[in-house]
Every structure is written in C-alpha cells, then in structure tokens.
Amino acid sequence: MYFNQISVPGLGCQSYCIGCPAAKAMMVVDPKRDIQDYLEISLQEGMNITHIVNTHLHADHISGDQELSAATGADIYINDSVEITYPHKKIEHGDILTLGAAKFEVLHTPGHTPNSISLVVTDTSRSSEPQMILTGDLLFVGDVGRPDLPGAESLDEQVKNLYNSLYKTLASYPDYLEVYPAHGEGSLCGRGMSAKKSSTLGYERNANHMLRFNSFEEFKKDITSAFPARPKSFSHIIATNRKGADLLDACSMDKRLTPGQFQELMEDNSTLVMDTRGSAAYGGFHIPGSVNIGFEKQLANWVGMVIDPKSELLLVVDDREAYDRMTTELHRIGYDAILGYLSGGINAWLMSGRPVEQLSQISPLQLQRLLGPNCPKILDVRTPAEWNIAHIHQAKHLPLTEILEGNIPDMDKNQEIILQCGSGYRSNIAASFFKEAGFTNLKSLAGGIFAWSNANLPLV
C-alpha cells in the first residue's frame with residue numbers, strides 16, 4: 001500500500017494520497033486547491049487518481065475536489081448527509097472502499113460538523129487488522145475539533161456528537177492505530193494542536209487531555225469554555241465548498257498594473273489594497289489606505305480575519321514570484337477576486353509622484369528610553385494568552401481581534417500611540433485600522449516582543 005501525507009504550512013491543512021501501486025489506483029483525501037502535488041505523485045508512482053474523499057465540509061480552506069476531479073475524472077465522495085449541490089457519490093457509516101491492497105472503512109464521526117467521517121485504513125497486503133485512521137477534524141494530535149462552527153443553535157448537539165464520536169465510536173479501536181488528522185498546528189479548527197503531524201490512538205488516550213474526562217459534563221464544560229476566533233472568511237468558504245469551487249482556470253493569474261491603472265481601480269469602493277511586503281518595508285512607504293498582511297505562517301488566517309471575502313484585491317508585492325506565492329495562498333481560502341498587482345512595486349508608485357504614507361517604526365531600545373511618567377500610550381494587540389505570559393510594564397492590552405470588530409477606544413486621535421505585538425506583523429495590521437479611524441500619530445514596535453526580549457529588556 002502506498003501512503004503519503006501532504007501538509008500546508010500556516011493553514012495546517014493535511015491531505016493524503018493512499019493507494020495500491022499493483023492496482024494502479026489511488027485515493028486523495030481532503031485535497032487542497034492547488035493540486036500539482038497529487039498529480040506529480042500519481043505520475044511518479046504510476047497510479048491513477050480514482051477516488052477523491054472529503055471527510056467533511058471544510059470551513060477554513062477551499063477544497064481541491066473540483067480541480068482534481070476535472071483534471072483526472074475521479075469521482076468525489078462525501079458523507080450522504082452533507083447538503084451539497086455538485087455531482088458526487090455518497091458514502092455512509094459502514095461503507096467499504098477498496099483499491100487493491102488498500103481497504104477503507106467509513107465511520108460517521110460527527111462533532112466538528114454534523115456530517116464528519118473518519119476512514120479506517122487497512123493494508124491487506126500486510127495484515128487483516130487496520131493500520132491507521134484518518135480522523136478528519138474529529139481528533140487532532142493534542143486536541144479535538146471545535147464543535148461551534150455549524151452555529152450556536154446546534155452547539156449542544158454537536159458537543160454531544162463530538163463526545164460520542166471520541167469516547168464511544170473510537171473506543172473499540174486498538175491503541176496501536178496510527179492517527180492522521182486533516183489539520184495540524186496553525187489551524188483554527190481546534191484550540192491548540194501539536195506541531196507533530198501524526199500520533200496513535202493509545203498516545204492520544206494517555207496524553208490528549210480532551211480524551212481523559214470521566215464524564216460528559218466535564219468534557220462539555222471544557223470544550224465550551226473558549227473557542228478560537230472565527231475568521232469572516234469561514235462562511236464564504238463553507239458556501240463555496242457546498243456548491244463546488246470554480247476552477248482556477250477562470251481566475252486571472254497575471255495582471256500587471258501601471259500606477260495609473262492601479263489608482264483607477266482603487267477608486268472603486270469594493271477594492272482593497274493589500275500590501276504583502278514585510279512590516280519594516282511597509283513602514284517606510286505605503287499606499288494610503290492599504291492593509292499590510294505579509295508572508296508568515298498565519299498569513300491565511302489573518303487574511304480571513306481582516307479582509308471581507310467579497311473584496312476585490314489589488315496587491316503590492318516585491319516581485320512576480322511573490323505575487324504567484326500570494327495568489328496561491330489567497331486561492332486556498334477562496335479569495336479569487338484578485339484584480340492584479342502593482343508593476344514595479346511601491347517604487348514605481350513613489351516615482352510616479354503619487355501620495356504615500358509612512359508608519360514609523362520604533363526600536364525596543366528607543367521605546368525603553370521612553371518608559372516612565374510621560375511615556376506614550378503603548379497598546380499590546382496580542383492574544384490574552386500571550387499577554388498573560390509576559391508583557392511590557394506600561395502597556396495596555398487591546399487584542400487585535402477586538403480592533404477588527406471595531407472596538408477602538410475613544411481616545412485623543414492626535415496623541416502618540418505605540419502599537420506592539422509579537423513580531424511587528426499584527427501591530428502593522430492594527431495600525432491600518434487605527435489610521436482608518438482617524439488616528440494620526442502612530443508607531444509600531446519593530447520586532448515586537450520578540451525583539452524586546454532579545455534586547456534583554458524587562459517584561460512582567
């Protein structure tokens with residue numbers, strides 16, 4: 001039996017190629033939208049992609065099922081209770097799919113969604129006993145799937161489903177069974193997943209605190225105590241996956257824009273300028289009104305938090321390679337309305353004589369010298385968990401998620417405000433929203449708490 005796990009850094013998405021070289025057949029489970037990896041594996045291993053399986057209706061990324069089916073002719077399989085409108089084959093609890101030596105048993109394991117399935121995989125060329133389980137978003141390494149995404153009205157039912165799937169449906173399977181989830185570190189489909197990409201049922205039963213409760217009541221109290229932020233992109237992604245995403249061939253992949261063309265498109269209220277450069281470069285010069293979301297692990301999650309999925313995007317990039325990388329990231333989460341990029345980058349805009357703005361960057365040592373009775377207001381935009389670990393003594397806490405919801409304090413808009421996060425990435429995003437609200441004297445702590453700590457400056 002052939003097995004290969006494909007991971008997407010940042011989003012934490014994990015998909016799988018499983019098949020039988022002797023039978024020349026392969027299944028792809030939970031494919032990402034950019035499908036080249038699967039096509040190359042198919043070609044190199046001499047197996048045809050015959051089955052595409054979604055373990056559930058994904059909320060955090062656009063499924064690659066449409067792209068892959070169009071490229072290979074493979075059928076798409078999904079649980080029979082999922083309400084979708086594209087052609088597919090239904091699978092339900094107890095169904096068996098066989099590709100040569102690879103045998104797949106379908107388990108209905110609701111909880112993350114009402115329709116989630118897991119796949120118990122057996123390599124019959126080695127043993128009649130199962131080898132692994134693809135748990136979808138039911139069980140992660142170190143965590144379990146969040147049950148709140150389908151909506152508050154079904155939360156109690158989903159929590160009960162999640163408990164039954166974890167504590168009852170999986171109970172009959174042996175400790176040695178290898179666990180391969182659909183998501184890992186970085187995903188917002190759980191609360192705190194391990195960086196490790198696989199585990200075993202036995203290890204999770206011993207080490208995963210969500211599998212160690214003595215009663216349903218204890219489990220429910222913990223799982224409902226807090227949920228990760230829900231990006232505004234999730235509803236759009238669910239709706240897109242329900243009908244089947246448009247093929248990427250329909251998307252404009254290379255549209256270079258002169259500064260004049262770029263500015264003309266900016267005048268439409270539905271457009272948004274996304275500056276993908278590093279925080280220091282953005283601070284030096286940027287187009288007025290632009291939002292700085294650069295390349296980093298959590299890029300896709302922050303785009304989903306900050307930008308309305310209906311927005312038409314204009315990109316500021318360093319070069320064509322950066323544009324290609326960014327469009328791949330955006331397409332993965334359903335941001336397909338990319339109008340183009342500024343040819344020649346910010347330098348072309350600057351040399352054309354068009355207006356620019358700056359976001360002053362202050363170093364840790366410069367800020368440390370300002371601490372005291374007359375210190376400017378310092379706003380720490382990190383998460384509550386990060387704040388509780390350590391923070392700058394005179395800082396005030398204002399999580400970025402609250403800023404994105406419009407909860408900006410009523411303050412003197414001309415006073416000096418220093419925005420600070422972990423690395424400078426989120427403080428630049430926060431600055432864009434403060435500027436839009438009319439604040440005029442903003443700075444960002446260059447390097448954030450990371451640089452502050454490396455400068456051996458005190459935290460409380």
Side-chain angles (χ1 to χ4, degrees), residues 14 16 29-30 53-59 77-82 90-97 103-122 127-184 187 189-194 198-227:
Q14 293 175 172
Y16 299 90
V29 181
D30 292 327
V53 175
N54 289 314
T55 57
H56 60 288
L57 193 67
H58 293 284
Y77 294 77
I78 195 166
N79 183 261
D80 64 346
S81 60
V82 181
K90 297 178 179 180
I91 47 177
E92 58 186 0
H93 185 82
D95 282 352
I96 301 292
L97 300 174
K103 174 186 172 184
F104 306 84
E105 177 192 1
V106 178
L107 301 182
H108 183 215
T109 50
H112 177 65
T113 74
N115 327 103
S116 298
I117 64 166
S118 299
L119 294 173
V120 179
V121 184
T122 302
S127 172
S128 60
E129 297 298 320
Q131 178 182 0
M132 65 184 73
I133 180 170
L134 308 187
T135 53
D137 281 8
L138 169 68
L139 175 61
F140 301 124
V141 180
D143 198 10
V144 298
R146 59 191 289 186
D148 62 304
L149 293 182
E153 66 281 355
S154 63
L155 180 59
D156 286 344
E157 179 184 3
Q158 284 300 100
V159 171
K160 187 68 174 178
N161 286 340
L162 187 64
Y163 180 83
N164 287 337
S165 294
L166 291 166
Y167 282 77
K168 296 180 180 179
T169 303
L170 297 188
S172 61
Y173 289 91
D175 282 351
Y176 70 76
L177 205 64
E178 299 167 12
V179 171
Y180 291 94
H183 286 95
S187 170
C189 292
R191 296 185 296 184
M193 304 171 205
S194 169
S198 65
S199 185
T200 65
L201 269 183
Y203 189 81
E204 293 307 305
R205 285 165 176 160
N206 287 328
N208 188 330
H209 83 284
M210 293 307 300
L211 297 185
R212 297 182 58 81
F213 292 106
N214 293 319
S215 69
F216 169 70
E217 288 70 26
E218 293 177 1
F219 176 86
K220 181 177 181 179
K221 181 179 180 181
D222 188 284
I223 196 72
T224 57
S225 62
F227 295 116

d(N115 CG, T109 OG1) to nearest 0.5 Å is 10.5 Å

task: Check whether any side-chain heavy atom of Y173 sits under 4.5 Å from a side-chain heavy atom of L107, and report yes or no.
output: yes

| query | Any sub-3.5 Å donor-acceptor pair from H112's side-chain atoms to P147's backbone N or O? | reply | no

Next item on the list: Please work out whether the ring planes of H209 and F213 are parallel, tilted or perpendicular, with thresholds of 30° and 60°.
Entry: perpendicular

| Whether over 12 other heavy atoms sit under 6.0 Å from F227 CZ | yes

Worksheet item: Just by distance, do the side chain of N164 and the backbone of N161 share a donor-acceptor pair under 3.5 Å?
Response: no

Tested for side chain to side chain donor-acceptor pair (under 3.5 Å) against D30, the lone hit among H183, H58, H56 is H58

Worksheet item: Does D222 pair with R212 as a salt bridge, N-O distance under 4.0 Å?
Response: no

Run the salt bridge (charged side-chain N to carboxylate O under 4.0 Å, His left out) test on D156 and K220 for me, step by step, so that the C-alpha distance in whole Å, both residues' side-chain angles and the decisive distance to 0.1 Å come before the verdict. CA-CA 9 Å; D156 286 344; K220 181 177 181 179; 3.4 Å; yes

| request: Side-chain contact test, heavy atoms from C-beta onward, threshold under 4.5 Å: evaluate it for D148 versus Q158 and give yes or no. | output: no

Output for pair (L139 CG, S118 OG), nearest 0.5 Å, gives 8.5 Å

| Using a distance-only test with no angle check, is there a side-chain donor-acceptor pair under 3.5 angstrom linking N79 and H108? | no

Decide yes or no for F219 and L162: does some side-chain heavy atom of the first lie under 4.5 Å from some side-chain heavy atom of the second? yes

Item checked: Polar side-chain atom of S154 near backbone of E157 as donor-acceptor pair, under 3.5 Å -> no

- Task: Measure the shortest side-chain to side-chain distance between D143 and M193 over non-hydrogen atoms and say whether it is less than 4.5 angstrom.
- Result: yes

I'd like to know whether I91 forms a side chain to side chain contact (heavy atoms under 4.5 Å, CB included) with V53, so could you lay out the CA-CA distance, the side-chain angles of the two residues, the decisive distance to 0.1 Å, and finally the verdict. CA-CA 9 Å; I91 47 177; V53 175; 4.2 Å; yes

Which of T55, I133, T135 passes side-chain contact (heavy atoms from CB on, under 4.5 Å) with P181? Answer is T135

**Request:** May I ask you to decide if V179's main-chain N or O and S199's side chain share a donor-acceptor pair within less than 3.5 Å?
**Result:** no

Between the CG atom in L97 and the CG atom in L119, the distance rounded to the nearest 0.5 Å is 7.5 Å

Notebook entry, point to check: Between L149 and T113, is any pair of side-chain heavy atoms under 4.5 Å apart?
Noted result: no

